[in-house]
J.: 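I have a structure I would like to understand better, so I am pasting it below and will then ask my questions one at a time.
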Amino acid sequence: MAKERRSKEVVTREYTINLHKRLHSTKFKSKAPRAVKEIKAFAQKMMGTKDVRLDVALNKTVWSKGIRNVPNKLRIVISRRRNDDEDAKEEMYSFVTAAQDQSLKGRGTT
């Protein structure tokens, strides 16, 4: 009961995602598309929502060095928001953006 109620709250959290280990042994030409899929899977797991939407700035950050040279680690901000569509399947969705400060020194995963 408590977990069900907690997954319905509107919340924003900041994470560091290690793309290097998630993209290990992936072909060069599918690294950036695979990184986008891995970010969506990470957000789905952390927030417990099936509907995950990515910000345009996050997509540009992932693709900034090309299709092959994806950044090893990314600071991302995941927001769980209410879905305003009447015909939506779920009442919450996750919105993922790139963090303003991409420095990783002294920061944990949460």
J.: Which atom names give the shortest non-hydrogen contact between R13 and R80, and what distance separates them?
T.: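 So the two residues come closest at NH1-NH2, 4.2 Å.
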
J.: What is the minimum heavy-atom distance between R22 and R34, and which atoms define it?
T.: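 Scanning both residues completely, I find the closest heavy atoms to be O-NH2, 4.5 Å.
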
J.: Are I67 and P33 close enough that some pair of their side-chain heavy atoms sits under 4.5 Å apart?
T.: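 The answer is yes; the side chains approach within 4.5 Å.
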
J.: Starting at CD of E90, measure out to CG of N83 and round the result to the nearest 0.5 Å.
T.: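 These two atoms lie 8.5 Å from each other.
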
J.: Above 12 or not: heavy atoms from other molecules or residues under 6.0 Å from NZ of K40?
T.: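 Not buried by this count: 12 neighbours or fewer within 6.0 Å.
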
J.: How many angstroms lie between NZ in K73 and NZ in K21, if you round to the nearest 0.5 Å?
T.: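 Rounded to the nearest 0.5 Å, the NZ-NZ separation comes out at 9.5 Å.
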
J.: Is a side-chain donor-acceptor pair under 3.5 Å present for T16 with R75?
T.: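 There is such a pair (donor and acceptor under 3.5 Å, judged by atom type) between the side chains of R75 and T16.
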
J.: What do the steps show when you test E14 against V77 for side-chain contact (heavy atoms from CB on, under 4.5 Å), and what is the final call?
T.: CA-CA 4 Å; E14 193 166 329; V77 178; 4.0 Å; yes

J.: After noting the C-alpha distance and the side-chain angles of K65 and V70, does the key distance pass the side-chain contact (heavy atoms from CB on, under 4.5 Å) rule?
T.: CA-CA 6 Å; K65 298 196 293 184; V70 177; over 6 Å; no

J.: Mind checking whether I78 and T12 have side chains closer than 4.5 Å, heavy atoms only?
T.: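 A side-chain contact under 4.5 Å is absent here.
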
J.: What are the two closest non-hydrogen atoms of V96 and A43, and how far apart are they?
T.: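 For V96 versus A43, the nearest heavy atoms are CG2-CB, 3.6 Å.
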
J.: Looking only at heavy atoms, which two atoms of V62 and A32 are closest? And how far apart?
T.: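 The pair with the smallest heavy-atom distance is CG1-O, 4.1 Å.
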
J.: If you measure from OG1 on T97 to CG on N59, what distance do you get to the nearest 0.5 Å?
T.: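 Answer for the OG1-CG pair, T97 versus N59, is 13.0 Å.
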
J.: Are the side chains of I17 and I76 in touch, meaning some heavy atoms are under 4.5 Å apart?
T.: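 Yes; the side chains approach each other to less than 4.5 Å.
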
J.: One thing to verify: whether R82 and D84 come together as a salt bridge, which I'm taking to mean a side-chain N less than 4.0 angstrom from a carboxylate O.
T.: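 Salt bridge absent between D84 and R82.
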
J.: Between Q44 and K50, is a side-chain contact (heavy atoms from CB on, under 4.5 Å) present by the stated rule, with each step listed?
T.: CA-CA 6 Å; Q44 185 175 359; K50 291 192 174 155; 3.8 Å; yes

J.: Whether the S103 and D101 side chains hold a donor-acceptor pair (N or O, under 3.5 Å, no angle test) is what I'd like checked.
T.: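 Short answer, yes.
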
J.: If two hydrophobic side chains count as joined below 4.5 Å and joins carry through other members, does V36 share a cluster with Y93?
T.: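 No.
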
J.: On a heavy-atom basis, which atom in L23 and which in E38 lie closest, and how many Å separate them?
T.: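 That would be CD2-CG, 4.5 Å.
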
J.: Looking only at heavy atoms, what is the nearest atom pair of N18 and N72, with distance?
T.: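 N18 and N72 have their closest heavy atoms at OD1-O, 3.4 Å.
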
J.: Hey, is CD on Q100 packed in by over 12 heavy atoms from elsewhere, all under 6.0 Å?
T.: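 Atom CD in Q100 is not packed in, count stays at 12 or less.
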
J.: When rounded to the nearest 0.5 angstrom, what distance separates CE in M47 from OH in Y15?
T.: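 Those atoms lie 4.5 Å apart.
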
J.: Output, in order, the C-alpha distance, side-chain angles, deciding distance and verdict of side-chain contact (heavy atoms from CB on, under 4.5 Å) for F95 and V52.
T.: CA-CA 6 Å; F95 188 70; V52 177; over 6 Å; no

